[in-house]
Amino acid sequence: MAATAFAASSTAPAVLGGARLPVPGSAVLIPPRPRRSSSLPLPLSSSHSHDVCRFSSLRVRASSSSEESSGSVQTDEFLADLKDKWDSIENKSTVFLYGGGALVAVWLSSIIVSAVNSVPLLPKIMELVGLGYTGWFVYRYILFKESRKELASDIESLKKKIVGTGEQL
């Protein structure tokens with residue numbers, strides 16, 4: 001039965017979206033490809049070639065500047081400093097444990113945020129709460145000069161608590 005249904009379907013043209021598809025084994029006419037133009041580049045005008053030369057010289061000058069070499073020196077110093085700090089750590093397994101815990105925390109917070117975001121009105125309510133808090137913070141700490149000084153002193157005291165010393169970051 002299945003063989004006759006297959007044979008009947010293979011001899012009759014298929015209809016897809018109102019257009020008939022060709023039957024296997026029948027001739028299919030494909031329009032010829034358009035001719036490609038030659039692969040030779042177009043001739044450049046003298047002003048255009050002058051611009052190209054000027055920009056290529058700018059590129060060379062930019063890549064040979066002293067800023068790039070000082071940036072690579074800073075990167076090398078940073079990597080050397082990072083290696084020294086890694087070598088000075090005695091308990092490296094604790095670092096991996098904290099790093100893994102941080103990754104798990106980010107993953108879980110991503111799941112929680114996507115769950116909150118799927119509730120219909122909750123994201124808009126959270127957005128309003130955030131805007132309200134931002135407005136309050138600006139009014140309380142940013143708008144007036146005395147309150148800005150208070151905020152700066154609060155931040156400095158928090159830095160001292162975190163770092164454990166009186167030096168600034």
Side-chain angles (χ1 to χ4, degrees), residues 2 5-6 9 14-22 24 28 30-31 33-34 36 39 41 51-52 54-169:
F6 175 75
S9 67
V15 177
L16 179 63
R20 291 179 181 246
L21 297 176
V28 178
I30 299 175
R33 286 184 158 182
R36 297 179 113 185
S39 62
D51 290 343
V52 169
R54 184 176 59 150
F55 288 132
S56 65
S57 66
L58 286 177
R59 229 179 301 141
V60 170
R61 276 188 258 142
S63 66
S64 66
S65 70
S66 62
E67 293 173 358
E68 184 177 318
S69 62
S70 67
S72 65
V73 170
Q74 289 176 352
T75 305
D76 292 339
E77 290 175 2
F78 175 74
L79 290 176
D81 187 40
L82 190 64
K83 185 179 180 192
D84 291 340
K85 286 183 181 180
W86 178 253
D87 291 339
S88 68
I89 295 175
E90 294 177 11
N91 197 358
K92 291 180 175 62
S93 62
T94 305
V95 173
F96 288 120
L97 185 66
Y98 283 147
L103 287 175
V104 169
V106 167
W107 176 66
L108 285 175
S109 64
S110 170
I111 291 173
I112 291 170
V113 166
S114 64
V116 166
N117 211 16
S118 67
V119 177
L121 287 177
L122 201 53
K124 295 297 180 184
I125 292 171
M126 298 295 272
E127 190 174 328
L128 284 174
V129 168
L131 285 172
Y133 182 77
T134 302
W136 173 82
F137 184 83
V138 166
Y139 177 75
R140 172 69 176 90
Y141 289 109
I142 308 293
L143 201 56
F144 304 110
K145 187 174 184 176
E146 298 83 25
S147 59
R148 285 193 296 266
K149 288 180 183 178
E150 180 185 347
L151 178 64
S153 66
D154 289 345
I155 290 174
E156 288 300 320
S157 67
L158 185 62
K159 282 183 189 178
K160 289 177 184 176
K161 285 181 184 177
I162 292 172
V163 175
T165 62
E167 63 181 326
Q168 295 180 351
L169 294 177

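In what follows, every heavy atom counts, from backbone to side chain, and hydrogens, waters and symmetry copies are set aside.
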How many angstroms lie between [atom1] in [X] and [atom2] in [Y], if you round to the nearest 0.5 Å?
| X | Y | atom1 | atom2 | result |
| --- | --- | --- | --- | --- |
| Tyr141 | Glu150 | OH | CD | 5.5 Å |
| Asp84 | Leu79 | CG | CG | 11.0 Å |
| Lys161 | Leu158 | NZ | CG | 7.0 Å |
| Asp76 | Gln74 | CG | CD | 10.0 Å |
| Ile112 | Trp107 | CD1 | CH2 | 10.5 Å |
| Thr75 | Leu82 | OG1 | CG | 12.0 Å |

Can you tell me if Trp136 has over 12 outside heavy atoms packed within less than 6.0 Å of its CH2?
yes

Looking at Lys92, I want to see if its NZ is surrounded by more than 12 non-hydrogen atoms of other residues, nucleotides or ligands under 6.0 Å.
yes

Might you point out which heavy atoms bring Pro123 and Pro120 nearest each other, and give the distance in Å?
CD-O, 3.8 Å

Evaluate the side-chain proximity of Phe137 to Leu151: yes if any heavy-atom separation is below 4.5 Å, no if none is.
yes

Show your reasoning for whether side chain to side chain contact (heavy atoms under 4.5 Å, CB included) applies to Val73 and Glu77.
CA-CA 6 Å; Val73 170; Glu77 290 175 2; 3.6 Å; yes

N-O pairing of Glu156 and Lys159 below 4.0 Å:
yes

Would you check if the side chain of Ser110 reaches a backbone N or O of Val106 as a donor-acceptor pair within less than 3.5 Å?
no

